[in-house]
Q: 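Can you read through this structure? Questions will come right after.
Quick note on labels: first sequence line is chain A, next is B, and so on, each numbered from 1. As the structure is a prediction and not an experimental result, all values here were calculated from the model.
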Protein chains: 4
Amino acid sequence: MTNKQTKRKAGRPRNEAAREAVLEAAYKIVMSDGVGRLTIERVALEAGVGKPTIYRSWANAQELAMAAFMAQPEDEFKSPKGSGMHRIRAHLRSVIKTFSTPRGRQITLTLASAEQESELGKAFRNQVILKSRETGRKLLEHAIESGSVTTSLDIETALDMLYGPVFFRLLVGHNKLNLELADTIVETLFDGIALSD
Amino acid sequence: MTNKQTKRKAGRPRNEAAREAVLEAAYKIVMSDGVGRLTIERVALEAGVGKPTIYRSWANAQELAMAAFMAQPEDEFKSPKGSGMHRIRAHLRSVIKTFSTPRGRQITLTLASAEQESELGKAFRNQVILKSRETGRKLLEHAIESGSVTTSLDIETALDMLYGPVFFRLLVGHNKLNLELADTIVETLFDGIALSD
Amino acid sequence: MTNKQTKRKAGRPRNEAAREAVLEAAYKIVMSDGVGRLTIERVALEAGVGKPTIYRSWANAQELAMAAFMAQPEDEFKSPKGSGMHRIRAHLRSVIKTFSTPRGRQITLTLASAEQESELGKAFRNQVILKSRETGRKLLEHAIESGSVTTSLDIETALDMLYGPVFFRLLVGHNKLNLELADTIVETLFDGIALSD
Amino acid sequence: MTNKQTKRKAGRPRNEAAREAVLEAAYKIVMSDGVGRLTIERVALEAGVGKPTIYRSWANAQELAMAAFMAQPEDEFKSPKGSGMHRIRAHLRSVIKTFSTPRGRQITLTLASAEQESELGKAFRNQVILKSRETGRKLLEHAIESGSVTTSLDIETALDMLYGPVFFRLLVGHNKLNLELADTIVETLFDGIALSD
DNA sequence: ATATAAACGAGACGGTACGTCCCGTCTTTCG
DNA sequence: CGAAAGACGGGACGTACCGTCTCGTTTATAT
């Protein structure tokens with residue numbers, strides 16, 4: 001079987017070293033000064049690269065910010081052993097730990113200021129924001145399949161009730177974001193609020 | 001001679017008409033082109049006002065955007081009659097209806113891009129984002145006081161589990177934001193996810 | 001008679017110091033590195049001025065170059081005493097002396113690269129290139145009026161035959177440009193080329 | 001097998017078709033948009049040629065412009081029969097006719113903006129600008145040799161007094177450039193300006 | 001009545017960054 | 001091995017806004 005690779009395009013190929021330098025510089029700027037201070041000009045300067053080289057790969061500073069986050073992936077989210085509820089609690093804790101860092105704050109700001117519909121915007125959403133959600137989905141599905149969840153359940157909504165409060169607090173800042181929140185969310189979600197009527 | 005009022009300052013007083021023209025122009029721009037297109041220069045032009053007149057009242061475009069939203073208040077959130085659960089469901093529906101409009105999307109973007117700690121930022125958060133949350137808190141508290149909630153409950157977390165999913169979907173756009181979501185959230189929250197173990 | 005001065009325009013007036021700094025910096029650059037090296041960016045930097053401040057007054061680098069020359073006027077052209085022919089010869093010598101300098105070379109280059117029809121272009125042409133021609137015209141007219149010229153004469157053409165060769169050599173560089181040229185031009189012009197037929 | 005020709009260089013020979021396409025595209029651009037709009041990039045695009053292919057033959061856009069003019073030669077200048085003065089007048093008319101076209105204007109601008117000392121610059125000057133001057137020189141020399149010119153004459157200066165006014169008007173644009181100018185120049189040159197003193 | 005004070009519109013200021021064009025060079029693949 | 005294709009680092013373009021600063025004018029209160 002011959003290697004019918006995608007036909008190589010003519011012309012000089014993109015400089016991978018330049019690409020990496022750009023992403024690294026962008027990440028450094030975002031982490032130290034915030035997304036709002038990320039300018040193409042500054043990245044070009046600090047990466048030792050021409051501006052057009054950046055614009056050739058990314059349409060604007062927001063896209064570059066998203067690409068920078070995607071190029072610097074965080075640790076995997078753990079999904080430890082134990083009963084469904086315990087595993088989900090541990091997972092949510094690790095999500096909170098990840099997003100309550102400066103990196104998490106900047107990711108949220110980037111998400112908020114970016115175009116939702118661009119190709120890169122979708123990729124960013126899926127890889128950076130929703131990757132953990134997929135882990136959570138697997139935990140929930142596993143719990144259902146193993147028969148430990150006895151009620152019918154809208155998984156999508158349940159997932160949003162797990163992660164939504166976290167990002168809500170991160171974005172609005174009306175309440176602290178700490179690990180105890182994971183416990184309370186999971187407890188409330190699983191126990192429900194019993195009503196007498 | 002009593003002078004109950006705060007001593008009137010010397011000089012020409014602020015022009016209330018100018019203030020209104022500015023807020024109106026700003027609101028129009030935000031609603032038609034988005035927060036990102038709101039520039040002081042453009043507001044000055046469209047409001048027929050000098051730039052310093054704007055800077056005299058607001059520190060930057062973000063503050064002006066927030067002020068514009070606060071000056072154009074939305075309808076009140078209804079808290080209709082009925083049992084606790086029904087009232088909360090109806091309330092959450094009205095919140096979703098309010099924030100799934102273009103106005104809601106822009107408010108969320110404004111929130112995300114604004115300084116959290118400024119005075120105006122806090123006011124915006126409380127008046128525009130969290131006003132509905134206070135309504136929800138009253139409904140929850142009333143349910144507890146009236147004895148219909150029989151489990152112990154962390155109200156803050158419960159509230160975030162009501163509103164968090166809404167803003168999460170609004171911000172990330174991974175799932176549709178419709179009125180059925182209110183039903184599912186409330187059901188899931190009150191029933192809980194029964195576990196066999 | 002009351003001073004019915006032109007109504008002062010509203011707004012902050014132009015900064016005369018900035019204007020002068022720009023023209024001075026531009027002149028310095030043109031004289032040291034040539035018109036081709038005159039960039040708005042560099043002028044802004046060396047004059048300690050923002051780019052828009054320059055663009056507010058001049059449309060592009062060519063206009064700025066012309067303005068810089070006009071703001072740094074050369075010495076007046078002498079029109080010494082003596083018979084018409086001698087005075088014209090002396091005048092042409094001073095023109096050659098003026099334009100065979102680096103400044104003269106740069107003026108010619110500027111002229112060639114500039115838009116002829118712009119308002120500033122016309123002013124530059126009249127003030128910098130053709131000012132000497134007006135002096136020459138007066139000398140010729142005076143000679144005619146005083147009766148020393150006995151033939152009919154197309155003054156415009158005669159003037160171009162005086163100055164044309166100078167700029168032709170300056171531009172094309174096929175022959176040296178020295179003071180003797182003035183003598184030869186004037187002699188040839190006044191004596192004519194006698195023909196036997 | 002004899003090899004009469006200059007030793008053929010190794011490797012693929014220059015593509016003559018490419019060379020022609022480049023010169024043609026350059027000429028088209030210069031004639032339609034002016035020398036100022038001639039960029040290597042644009043020529044490469046319009047000629048369907050790589051940029052390095054152009055740089056292999058010409059050092060910059062000015063050289064290319066000059067080469068383009070030289071590759072598109074104008075009609076020969078006529079030197080008709082008749083007495084010296086008539087022949088020179090007719091010749092000067094044809095020069096004016098040639099240079100008062102858009103092509104003539106662009107040639108002058110190209111000349112003015114180009115480096116005088118480059119090899120191509122000299123060639124351009126001699127072939128395009130001064131070719132006619134050589135014709136004029138022959139006419140003047142013939143007149144002298146045939147004895148019809150009775151005064152001593154500096155031929156170089158006389159030539160510059162013929163062509164100088166034409167290019168002066170072309171460059172500066174202060175007076176119209178029409179065929180009558182030829183008549184007046186020749187008349188003035190040959191009759192001289194008689195003085196009473 | 002008349003200063004005096006402050007806000008007004010207008011608009012220029014020194015700056016920063018934008019996104020684009022073109023420079024002249026370099027690197028890769030194709031013919 | 002030259003030519004096309006096209007990316008590279010770099011420089012400058014001309015524009016949009018920033019937030020600040022004069023201006024001359026208008027509108028109040030305080031003398």
Q: Do you know the tightest heavy-atom contact between Ala47(A) and Ala21(A)?
A: CB-O, 3.6 Å
Q: Rounding to a whole Å, what distance do you find between Glu16(C):CD and dC23(F):P?
A: 13 Å
Q: Rounded to the nearest 0.5 Å, what's the gap from CD on Glu119(B) to CD on Glu63(B)? Could you check?
A: 9.5 Å
Q: Check whether any side-chain nitrogen or oxygen of Thr53(D) sits under 4.0 Å from OP1 or OP2 of dA3(F), and answer yes or no.
A: no
Q: What parts of residues 21-47 of chain A reach DNA chain F, counting only heavy atoms under 4.0 Å away?
A: none
Q: When the distance from CZ of Arg12(B) to C1' of dA28(F) is rounded to whole Å, what number comes out?
A: 9 Å
Q: Between Phe69(B) and Phe124(B), how do the two ring planes meet: parallel, tilted or perpendicular, split at 30° and 60°?
A: tilted
Q: Whole Å only: how far is the CZ atom of Arg14(B) from the P atom of dA5(E)?
A: 18 Å
Q: Atom NZ of Lys51(A) and atom C1' of dG9(F): how far apart are they, to the nearest Å?
A: 13 Å
Q: Could you give the CD1-to-P distance, from Ile54(B) to dA7(E), as a whole number of Å?
A: 15 Å
Q: Between Glu20(B) and Asn15(B) (side chain of the first, backbone of the second, donor and acceptor by atom type, cut-off under 3.5 Å), is there such a pair?
A: no
Q: Distance-only, no hydrogens or angles: does the Gln106(A) side chain make a donor-acceptor pair with backbone N or O of Val35(A) under 3.5 Å?
A: yes
Q: Look only at the side chain of Ser57(D) and the backbone of Ile54(D), and say whether a donor-acceptor pair between them is shorter than 3.5 Å.
A: no
Q: For Leu120(B) and Met70(B), what are the C-alpha separation, side-chain angles and deciding distance, and is it a side-chain contact (heavy atoms from CB on, under 4.5 Å)?
A: CA-CA 10 Å; Leu120(B) 225 162; Met70(B) 287 190 276; 3.0 Å; yes
Q: Looking at residues 55-72 of chain C, who's got a heavy atom less than 4.0 Å off DNA chain E?
A: Arg56(C)
Q: Just compare dG9(F), dG15(E), dA5(F) and give me whichever is closest to any side-chain atom of Pro52(D).
A: dA5(F)
Q: Mind checking the CZ-OG1 spacing from Arg19(D) to Thr53(D)? Nearest 0.5 Å is all I need.
A: 12.5 Å
